[in-house]
Amino acid sequence: MAIEWVEIAKLSSKIGEKVQIKGWLWNKRFSGKIGFLQLRDGSGFIQGIIEKALIGEEIFENAKKTKYESSVIVEGTVRKDERSPIGVEISVENYEIISEPETDYPISNKDHGIDFLMEQRHLWLRSRRQYNILAVRSEIIKAVREFYYSKGFTLIDTPIFTGSIGESAGNTFEMEYFDYGKVYLAQTGQLYLEAAAMSFGKVFNLGPTFRAEKSKTRRHLIEFWMNEAEVAFYQHEDNIKLQEELVEYVVQSVLKNAKDHLISLERDISKLENIKAPFPRITYTDAIKKLQEKGYEITWGEDIGAEHETEIASWFDRPVVVEKYPKDMKAFYMQPDPENPDVVLCDDMLAPEGYGEIIGASERIWDKETLIKRLTESNLDPEEYKWYLELREFGSVPHSGFGMGIERVVAWLCGLKHIREAIPFPRTLYRVYP
RNA sequence: UCCGGCUUAGCUCAGCGGUAGAGCGGAUGGCUGUUAACCAUUAGGUCGGGGGUUCGAAUCCCUCAGCCGGAGCCA
């Protein structure tokens, strides 16, 4: 009878049994007649103990010479061992190489520069740290979807190719679309979600977004994944509550389902455990006042810069909701505050520990004339927004929504210094390879 | 795009006007409990490209390129 192929993650329930594992050799150490094979198979990592006396000279020497990242099949007996970080080891009884590299694997356990690693991104994904980060990302996205489905939302996939319609002009990727003329890569799916919300009530999307901004910071990617939600009849307060519930759900789900990955990443878990709604709130106006008191040179009407954002976030140990920004610095579609027409019913959620904005949100203008007025004031052509304006003609209702940057959430929860590690293949200002 | 910085062995870096260095990785050998294993031996370089200053340049100056960090914009 063939030996059972078992994933490394499931080996702790196979103690004393003879099993087969299929994976890769990511490191090895030899000490005379005993060797330690560091194996991984995608489900986890384990150490294989190989002894010359047990396995014979030929296989032992073969194992000793195997290059890093060779793919191998190992058979052996699972053993409980206190010295193993996962509590079990495998005593190797058979060792077979499936494919051995001809040249040495370029990534070592020592330090590498970021440019070198990004050039090797297709291989770097195998490294333990990257493996843990992307596993957390997967868990985050799963939690986002679970959240919306559990709340009765409908998934609406918004288009990647769009006409000249978006939040603002000037930062879109432009391309020829057969004889139609110019089209643009989506910088937001919001306008389409607004249309769908008038059919389904509660809708969300989750997909890639493109911004042709020459951004060169630790918080920006050219291609990034965004989750947007839009709800008919929701107003400013309902909107904030939804965001808080979403973020709490995502954080708590990741803590529950991906804790081991966070620990491997040496993330301070205690900073995430208290992420429970409701979150602290501050208006833009109060934030400016407080910044001024702290000695910052900023006046009402000026945008909150990265430095200010970090300062505001440092006042709290949970994400903070900054609401009601001046209308002139925000997108055309945001609903003016009835109590103060100089500000709009919007909010940004800033993650703690300097991670900055993770959500941008607002109540949308639902009155057609106000919307046309704001479009014109923003130097946008109402003609281009024909279908969007029609939504305000047929049974228009107050509605609200927001967008959450997936990579920013990944960076925050994993404690990353730079967002480029939060996506499998980052597209940055000067890199589209691999 | 703007402001800084970096570019020396496969990788990470030291050297900063007078014969090109280390650690890791590679190769060879040793070691039966290693955790970035260790010990010994060894191979490996047009010092990013071009120009200049100098008796002499990896080192000083100019220029180009690539990359990194930060700003703005935003998720």
Side-chain angles (χ1 to χ4, degrees), chain A residues 26-38 45-55 60 64-65 67-68 79 81-86 89 91 101 103-120 127-128 166-172 186-190 206-228 243 302-310 325 329-331 348-351 355-361 402-412 417-420 422-423 428-431:
Chain A
W26 69 274
N27 204 353
K28 61 183 197 280
R29 283 180 284 276
F30 278 79
S31 180
K33 298 184 182 68
I34 189 169
F36 306 92
L37 307 173
Q38 310 302 325
F45 299 79
I46 196 170
Q47 175 163 271
I49 311 301
I50 190 164
E51 291 172 87
K52 194 194 257 187
L54 209 83
I55 205 158
F60 186 81
K64 195 171 175 176
K65 283 185 195 139
K67 283 189 157 54
Y68 293 138
R79 268 194 341 217
D81 197 302
E82 296 293 319
R83 290 165 291 195
S84 162
I86 56 164
E89 291 184 338
S91 192
T103 57
D104 294 320
Y105 189 67
I107 300 174
S108 74
N109 293 321
K110 294 280 180 173
D111 292 344
H112 293 290
I114 189 64
D115 187 46
F116 176 80
L117 288 169
M118 277 302 173
E119 196 69 15
Q120 319 285 338
S127 295
R128 212 156 170 158
E167 297 201 2
S168 60
N171 61 349
T172 45
Q187 50 176 199
T188 170
Q190 180 200 314
L206 180 53
T209 321
F210 310 87
R211 302 271 165 96
E213 289 156 358
K214 296 213 165 179
S215 302
K216 195 172 153 23
T217 81
R218 68 182 77 192
R219 295 211 297 272
H220 288 85
L221 291 168
I222 304 301
E223 175 183 307
F224 67 97
W225 280 57
M226 184 158 66
N227 155 237
E228 293 172 288
Q243 296 157 42
E302 265 184 85
D303 209 346
I304 293 177
E307 185 195 7
H308 308 125
E309 235 177 42
T310 306
Y325 285 67
M329 51 188 270
K330 285 289 178 180
D348 285 355
M349 189 186 290
L350 310 182
Y355 282 94
E357 185 179 346
I358 52 171
I359 285 178
F402 61 88
M404 179 171 75
I406 296 297
E407 289 77 16
R408 288 189 178 174
V409 174
V410 176
W412 166 40
K417 288 198 189 79
H418 199 296
I419 199 171
R420 67 189 154 209
I423 187 167
T428 53
L429 199 43
Y430 300 115
R431 179 174 290 287

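Not measured: the values here are computed from a predicted model. Proteins come first, then strands; the chains are lettered A, B, ... in the order of their sequence lines, and each starts at number 1.
Partner assigned to rG45(B) is none, using Watson-Crick or G-U wobble distances below 3.5 angstrom. As the counterpart of rC38(B), rG30(B) is assigned, both hydrogen-bonding distances of the Watson-Crick or G-U wobble pattern falling under 3.5 Å. Nucleotide rG25(B) forms no Watson-Crick or G-U wobble pair with any nucleotide shown, as no partner meets the under 3.5 Å limit on both distances. Base pairing analysis places rU1(B) opposite rA71(B); the two distances defining the Watson-Crick or G-U wobble pair are each below 3.5 Å. With a cut-off of 3.5 Å on both Watson-Crick or G-U wobble distances, the partner of rU7(B) is given as rA65(B).
When all heavy atoms of Gln243(A) and Ala361(A) are compared, the closest pair comes out as NE2-CB, 3.1 Å.
Using a 4.0 Å heavy-atom criterion, one finds that Leu221(A) contacts the bases of the nucleic acid, with or without backbone contacts as well. His220(A) comes within contact range of at least one nucleobase, with a heavy-atom separation under 4.0 Å. Looking at heavy-atom distances under 4.0 Å, Gly305(A) makes contact with sugar-phosphate atoms alone, never a base.
Contact annotation: the side chain of Lys64(A) never approaches that of Lys28(A) to less than 4.5 Å [non-hydrogen atoms, C-beta and beyond].
Positionally, the nearest nucleotide of RNA chain B for Ser108(A) lies more toward the 5' end than for the other of Glu407(A) and Ser108(A).
Between the side chain of Arg219(A) and the base of rC73(B), no donor-acceptor pair under 3.5 Å is found.
With rounding to whole Å, Glu309(A) atom CD is found 14 Å from rG70(B) atom P. A straight line from CG of Leu117(A) to P of rG10(B) spans 17 Å, rounded to a whole angstrom. Residue Asp111(A) contributes atom CG, which lies 20 Å from atom P of rC6(B) at whole-angstrom precision. If you measure from atom CD1 of Ile419(A) to atom P of rC73(B), you get 17 Å, rounded to the nearest angstrom.
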Please list, for nucleotides 26-33 of chain B, all pairs of protein and nucleotide N/O atoms separated by less than 3.5 Å.
{"from": "rC31(B)", "atom 1": "N3", "to": "Gly32(A)", "atom 2": "N", "distance (Å)": "3.1"}
{"from": "rU32(B)", "atom 1": "OP2", "to": "Lys33(A)", "atom 2": "N", "distance (Å)": "3.2"}
{"from": "rU32(B)", "atom 1": "O4'", "to": "Ser31(A)", "atom 2": "O", "distance (Å)": "3.4"}
{"from": "rG33(B)", "atom 1": "O2'", "to": "Arg83(A)", "atom 2": "NH1", "distance (Å)": "3.3"}
{"from": "rG33(B)", "atom 1": "O6", "to": "Arg79(A)", "atom 2": "NH2", "distance (Å)": "2.8"}
{"from": "rG33(B)", "atom 1": "N1", "to": "Glu89(A)", "atom 2": "OE1", "distance (Å)": "3.1"}
{"from": "rG33(B)", "atom 1": "N2", "to": "Glu89(A)", "atom 2": "OE1", "distance (Å)": "3.1"}
{"from": "rG33(B)", "atom 1": "N2", "to": "Glu89(A)", "atom 2": "OE2", "distance (Å)": "2.3"}

Got a list of protein N/O to nucleotides 63-66 of chain B N/O distances below 3.5 Å?
none

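Qualifying side-chain hydrogen bond (donor to acceptor under 3.5 Å, both in side chains) partners for Thr428(A), counting only residues two or more places apart in sequence or in other chains: none.
Put simply, Lys214(A) has a side-chain N or O that comes within less than 4.0 Å of OP1 or OP2 on rU1(B).
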